[in-house]
Amino acid sequence: MADLEKMNPWCGDLLGYEEIGKTYTNLIQSITDSKVISIEAGFGRGKTFFRQAWAAHLKRAGEVVIEIDAQQSDHSGDPVVTFLASLMETLEPAEQSKWAKAVGKGAGIAVGAAKVFASVAARKAGEEVVGAVEDWLKSDGEESNLDAVISEFCEQASSSLSAQLTAQIAAERVRTQEMPAQMMALRDALTSGKETDRVVILIDELDRCHPEYAIALLEAMKLVFNQDGFVFVLLVNAEHLERLAGHLFGVVTKDERYLDKFVDIRLRLPITDEVLGRAAYELVSALPFGEPFGPGEEFTIQRAAKLASELAPISGLSMRQIKRVCLKIELALRCYSSVPLDAPLLVFLAFDEAIGRGQLNDEYLPRVRLVQSVVDRLEQKEASSIAKHGRGGPLANGMEQFIRENCRELVGLPKDRYNLPDKRGYHDWAEVMFLARTYLKSHKAVLDSVHQLSAQ
């Protein structure tokens with residue numbers, strides 16, 4: 001399995017993203033200047049899976065790819081450091097040292113920019129790079145040790161660099177003169193020996209960051225790192241990011257979008273009903289179903305998977321939520337492996353609970369209508385008929401009609417499924433009538449029990 005995953009980055013692709021990834025790769029390989037691209041999808045739509053698989057695909061296609069989890073870098077407080085650290089980590093140790101020396105020896109380097117690089121080297125690079133920067137500091141007549149320089153930088157970062165570089169870019173000289181030259185040197189180092197001179201930076205989880213950090217990262221990306229050969233790709237929930245911007249800057253007009261200030265090309269990860277249904281089918285097909293509740297196709301894994309494929313598109317659930325539904329079913333099947341369970345019924349009930357009980361149309365699985373209240377009503381009619389006419393009939397006739405219309409497949413089950421009160425023979429309709437007492441109730445109880453156990 002591990003070898004297969006190495007061969008195919010898209011292993012486990014349930015949403016048909018491989019073809020989209022190939023198309024977007026063609027787009028990336030056509031870019032020769034600087035671009036910011038957004039790939040947009042809602043929460044739970046598979047952005048992180050796409051980013052990881054696509055990154056591997058891009059690397060196999062010869063691209064230099066750097067992945068940034070913005071949420072994990074949120075604590076750093078300075079997006080400039082986040083970007084530089086991620087870029088430097090990609091370099092080989094020898095190249096890190098070489099580039100760090102080049103930064104230090106570069107003509108006219110501003111003190112603020114130099115200390116950014118020093119901080120990055122100390123936090124993210126190896127000892128060789130730290131030594132190189134330390135040598136540079138000493139050779140330039142600054143006898144203070146590296147720790148003192150970094151300490152000074154950190155003290156200034158929140159009040160100076162973060163506020164000015166990432167928000168206002170007040171250090172115009174750094175932005176327009178020194179940073180472009182050093183970014184080009186870094187790009188050359190990253191692409192040395194490659195067939196491409198392009199660096200692709202994939203940024204995920206930006207919409208989960210603190211609003212101030214998310215906006216600062218966007219501004220740093222566009223205003224500091226906007227250099228030829230760097231292609232930034234944001235995998236975001238655009239609507240949520242727009243709300244973050246609105247929270248900080250106020251609501252914009254209907255035709256304005258804050259993200260448009262930073263993004264050159266807006267794309268999306270489309271999920272059609274057909275794709276979502278197929279993904280749900282695959283997920284349910286892989287579940288460990290044990291002994292079927294009854295004979296025939298209606299109680300097979302395939303029927304359960306087909307039902308999931310029908311319910312997923314109409315449920316309004318995200319892919320992440322659908323996976324949670326399937327996980328709940330899986331827990332029920334594993335925890336109650338010795339109990340015969342109606343797999344399609346579990347699928348129906350689990351989806352129904354996820355969207356709000358009673359919301360699903362029972363036409364998708366008519367046997368879900370077999371509840372004790374149906375029997376109670378027929379028994380009341382039976383008692384009334386006996387009282388008025390001295391004979392019954394409504395119970396038998398009503399149950400037979402109900403079975404014909406809703407649950408013929410529940411006739412002919414193994415006898416232990418019906419929970420019969422004794423071993424005497426019963427008509428088919430009577431066996432189903434006894435089943436009504438426990439059928440839905442017991443399956444709901446199974447799902448409720450695993451719900452209490454699950455931390456999801």
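Computation of the quantities below employed the complete heavy-atom set of this structure, encompassing side-chain atoms and omitting hydrogens, waters and symmetry-equivalent molecules.
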Side-chain donor/acceptor of [X] to backbone N/O of [Y], under 3.5 Å:
| X | Y | value |
| --- | --- | --- |
| H443 | L341 | no |
| Q29 | N26 | no |
| D428 | V411 | no |
| T25 | G21 | yes |
| S384 | K381 | no |
| T300 | G296 | no |
| R208 | A70 | no |
| D33 | D228 | no |
| S385 | E382 | no |

Side chains of [X] and [Y]: donor-acceptor distance under 3.5 Å anywhere?
| X | Y | answer |
| --- | --- | --- |
| T272 | E274 | no |
| D197 | T191 | no |
| Y418 | T438 | no |
| Q401 | N397 | no |

State, yes or no, whether a side-chain contact exists between [X] and [Y] at a heavy-atom distance under 4.5 Å.
| X | Y | answer |
| --- | --- | --- |
| Y426 | F434 | yes |
| T48 | Q52 | yes |
| L307 | S309 | no |
| L360 | I314 | yes |
| I20 | I39 | no |
| L234 | I37 | no |
| Q227 | S34 | no |
| R369 | P366 | yes |

side-chain contact (heavy atoms from CB on, under 4.5 Å) evaluation trace for L346 with L447: CA-CA 8 Å; L346 283 179; L447 289 175; 3.9 Å; yes
Under 4.0 Å between a side-chain nitrogen and a carboxylate oxygen: does that hold for [X] and [Y]?
| X | Y | answer |
| --- | --- | --- |
| K306 | E310 | yes |
| R303 | E298 | yes |
| E330 | R334 | yes |
| D204 | R51 | yes |
| E40 | R45 | no |

Restricting to non-hydrogen atoms, name the atom on [X] and the atom on [Y] that form the minimum distance, rounded to 0.1 Å.
| X | Y | answer |
| --- | --- | --- |
| V446 | A332 | CG1-CB, 3.5 Å |
| P394 | L378 | O-CD2, 3.9 Å |
| S315 | I355 | O-CG2, 3.3 Å |
| V432 | L410 | CG2-O, 3.8 Å |
| A308 | A280 | O-CB, 3.7 Å |

Criterion side-chain contact (heavy atoms from CB on, under 4.5 Å) on I329 and V450, from CA distance to verdict: CA-CA 9 Å; I329 299 169; V450 297; over 6 Å; no
Residue pair K444, E353: steps toward the salt bridge (charged side-chain N to carboxylate O under 4.0 Å, His left out) verdict: CA-CA 10 Å; K444 285 183 177 179; E353 182 180 19; over 6 Å; no
Geometric class of the H427/W429 ring pair [parallel <30°, tilted 30-60°, perpendicular >60°]: parallel
Option passing side-chain contact (heavy atoms from CB on, under 4.5 Å) with I203 (candidates V36, V236, L217):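 Testing each of V36, V236, L217 against I203, the sole residue satisfying side-chain contact (heavy atoms from CB on, under 4.5 Å) is L217.
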Could you tell me whether [X] and [Y] have their ring centroids closer than 6.0 angstrom?
| X | Y | value |
| --- | --- | --- |
| Y364 | F351 | no |
| W10 | F50 | yes |
| H57 | Y17 | no |

At what distance, to the nearest 0.5 angstrom, does [atom1] of [X] lie from [atom2] of [Y]?
| X | Y | atom1 | atom2 | result |
| --- | --- | --- | --- | --- |
| D342 | L365 | CG | CG | 6.5 Å |
| D69 | E67 | CG | CD | 9.5 Å |
| L235 | F49 | CG | CZ | 12.5 Å |
| C407 | Y439 | SG | OH | 8.0 Å |
| F262 | N226 | CZ | CG | 11.5 Å |
| D376 | R437 | CG | CZ | 9.5 Å |

For [X], I'd like to know if atom [atom1] has over 12 heavy atoms of other residues, nucleotides or ligands within 6.0 Å.
| X | atom1 | value |
| --- | --- | --- |
| R266 | CZ | yes |
| E195 | CD | no |
| Q302 | CD | yes |

Check against salt bridge (charged side-chain N to carboxylate O under 4.0 Å, His left out), E431 and K415: CA-CA 8 Å; E431 291 181 336; K415 295 299 181 183; 2.4 Å; yes
Stepwise side-chain contact (heavy atoms from CB on, under 4.5 Å) check, V284 with F289: CA-CA 9 Å; V284 173; F289 290 114; 4.1 Å; yes
Full working for salt bridge (charged side-chain N to carboxylate O under 4.0 Å, His left out) between E282 and R278: CA-CA 6 Å; E282 294 297 328; R278 187 166 62 247; over 6 Å; no
Candidate pair Y24 and V233, rule side-chain contact (heavy atoms from CB on, under 4.5 Å), full reasoning: CA-CA 11 Å; Y24 290 171; V233 182; over 6 Å; no
cation_pi(R367, F299) dist<6.0 Å, angle<=45: yes
